[in-house]
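Read through the structure below, which is laid out as structure tokens, and then see the notes.
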Amino acid sequence: MSEDATGFPEPSTEPLVVLQDVNKHFGDLHVLQDINLTVHRGEVVVVIGPSGSGKSTLCRTINRLETYESGSITIGGETLPEEGKALAKLRADVGMVFQSFNLFAHKTILENVTLGPTKVRGTNKADAKKRAMELLDRVGVAHQAAKYPAQLSGGQQQRVAIARSLAMEPTVMLFDEPTSALDPEMINEVLDVMVQLAQSGMTMIVVTHEMGFARKAADRVVFMADGAILEQNTPEEFFTNPQTDRAKDFLGKIL
Ligand code: ADP
Ligand code: MG
């Protein structure tokens with residue numbers, strides 16, 4: 001993989017996640033409106049936009065936690081399965097990290113990370129444990145492996161949640177405001193792990209208002225408002241030269 005001047009690998013030109021004319025309603029609310037989005041293998045796409053614009057719904061739809069009414073979504077060229085084993089595999093291939101860490105409270109940190117690979121992937125316990133310890137080390141919490149989630153800080157728990165997703169060897173990682181429930185002093189330790197992940201070449205779709213992360217790690221910023229994608233551009237262009245009034249207004253409020 002080639003690297004650009006900043007040390008981040010250049011994304012490939014291979015489309016990995018492709019949404020075409022995706023539409024979804026919640027009752028009368030047209031929450032996703034003709035969404036067209038292509039994320040290439042190795043690309044880091046940051047999705048930003050006002051609260052209620054459909055960012056979480058977009059992530060949940062890509063992961064099939066929500067259905068959609070028209071259009072198509074493919075991952076690695078395959079249409080999203082509706083149910084059954086194929087859907088379980090899709091969920092394993094598409095890692096998702098939420099605002100709330102959702103760790104299993106009655107399992108240790110290590111068990112939280114080994115559970116998916118042993119149950120869903122059929123990995124043997126020794127291999128799953130070895131891999132889990134490597135991942136916990138990578139996110140800086142290996143020394144906490146025997147503890148329970150409640151014994152860890154929010155930032156540590158979110159890093160475990162990232163390790164747990166990575167243990168499934170996903171082809172793409174979705175992050176939905178992964179730092180917005182954290183105390184300010186813990187935000188950077190989670191963002192640092194995400195930056196490292198971006199540098200390792202992981203394909204990532206990240207909903208966040210952390211502009212520092214977007215500037216550092218994003219190949220592209222996608223701006224959503226009222227269920228539609230209004231702009232897509234490099235972070236430099238988007239932040240310095242937003243094209244729509246909605247984006248200018250939004251940036252004026254958060255920058
Ligand atoms: P964002 O993540 O950008 O804040 P969401 O995707 O969470 O936006 O929500 C988009 C809109 O859809 C909001 O108006 C929200 O109230 C609505 N919405 C989200 N989930 C549901 C649901 N399960 N049922 C009905 N409306 C929903
Ligand atoms: Mg949201």
Side-chain angles (χ1 to χ4, degrees), residues 17-39 44-73 75 80 82-83 87 90-91 94-103 154-155 157-158 161-162 165 170 172-184 186-187 190-191 194 204-214 217-218 220-233 235 238-239 242-255:
V17 181
V18 181
L19 289 84
Q20 284 176 311
D21 298 320
V22 172
N23 282 281
K24 175 178 181 61
H25 289 78
F26 284 125
D28 289 340
L29 178 69
H30 196 173
V31 66
L32 296 179
Q33 301 182 23
D34 294 319
I35 298 290
N36 285 287
L37 178 68
T38 298
V39 180
V44 177
V45 172
V46 161
V47 180
I48 69 172
S51 179
S53 55
K55 306 178 300 294
S56 293
T57 304
L58 178 72
C59 286
R60 293 170 56 80
T61 305
I62 292 172
N63 204 15
R64 229 16 179 128
L65 292 168
E66 297 281 356
T67 57
Y68 55 100
E69 291 132 24
S70 66
S72 76
I73 303 179
I75 296 177
L80 295 195
E82 302 263 327
E83 56 192 10
L87 180 57
L90 168 100
R91 294 257 168 78
V94 181
M96 187 144 175
V97 174
F98 301 90
Q99 181 175 333
S100 54
F101 334 119
N102 296 322
L103 296 176
Q157 288 187 55
Q158 191 60 307
I162 294 172
S165 279
V172 52
M173 287 280 290
L174 307 178
F175 292 86
D176 189 5
E177 303 209 31
T179 59
S180 58
L182 296 176
D183 291 334
M186 292 171 191
I187 290 175
V190 172
L191 292 177
M194 292 167 60
M204 297 164 67
I205 300 173
V206 183
V207 178
T208 186
H209 292 160
E210 293 291 337
M211 296 304 122
F213 174 81
R220 188 150 46 109
V221 173
V222 168
F223 177 70
M224 276 187 86
D226 296 334
I229 292 177
L230 298 192
E231 295 191 35
Q232 303 192 38
N233 220 326
F238 179 73
F239 291 124
Q243 300 295 305
T244 59
D245 287 341
R246 288 302 298 273
K248 285 176 197 166
D249 181 54
F250 177 74
L251 289 174
K253 285 180 183 140
I254 63 161
L255 289 182

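Every number for a ligand or one of its atoms is a count from 1 in the order of the listing.
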Among all protein heavy atoms, pick out the one at the shortest distance from atom 6 (O) of ligand 1; state its residue, atom name and that distance to 0.1 Å.
Thr57 OG1, 2.6 Å

Distance flag for atom 17 (C) of ligand 1, protein heavy atom under 4.0 Å:
yes

What protein heavy atom sits nearest atom 3 (O) of ligand 1, and how far away is it?
Lys55 NZ, 2.7 Å

Heavy-atom side-chain contact between Pro235 and Val46 under 4.5 Å
no

Taking the side chain as every heavy atom from C-beta outward, state whether Asn23 and Asp34 have any atom pair closer than 4.5 Å.
yes

Of all protein heavy atoms, the one nearest atom 7 (O) of ligand 1 is Ser56 CB, 3.6 Å

List the closest protein heavy-atom neighbour of atom 23 (N) of ligand 1: residue, atom name, distance to the nearest 0.1 Å.
Phe26 CE2, 3.6 Å

Looking at atom 4 (O) of ligand 1, what's its closest protein heavy atom, distance included?
Gly52 N, 2.7 Å

Of all the atoms in ligand 1, which lie at a distance below 4.0 Å from a heavy atom belonging to Val31?
10 (C), 11 (C), 12 (O)

Should Asn36 and Asp21 count as side-chain neighbours, where that means a heavy-atom distance under 4.5 Å?
yes

Report the part of Leu29 in contact with ligand 1, treating N, CA, C, O as backbone and CB onward as side chain, heavy atoms under 4.0 Å; options are side chain, backbone, both, neither.
side chain

Check whether any side-chain heavy atom of Phe26 lies under 4.5 Å from a side-chain heavy atom of Thr57, and answer yes or no.
yes

Any Gly49 heavy atom less than 4.0 Å to ligand 1
no

Lys55 side chain reached by Glu177 side chain, heavy atoms, under 4.5 Å
yes

Output yes if Ser51 passes the N/O/S-under-2.8 Å test against the Mg ion (ligand 2); output no otherwise.
no

Find out whether Phe175 and Thr208 are in side-chain contact, i.e. whether some heavy atom of one side chain is under 4.5 Å from a heavy atom of the other.
no

So CD1 of Ile62 and CD1 of Ile75: to nearest 0.5 Å the spacing works out to 7.0 Å

At what distance is the nearest protein heavy atom to atom 8 (O) of ligand 1, and which residue and atom is it?
Gly54 N, 3.2 Å

Inter-residue atom distance Asp176.CG - Arg60.CZ, 0.5 Å rounding
9.0 Å

Any idea which atoms of ligand 1 are less than 4.0 Å away from a heavy-atom of Ser53?
1 (P), 3 (O), 8 (O)

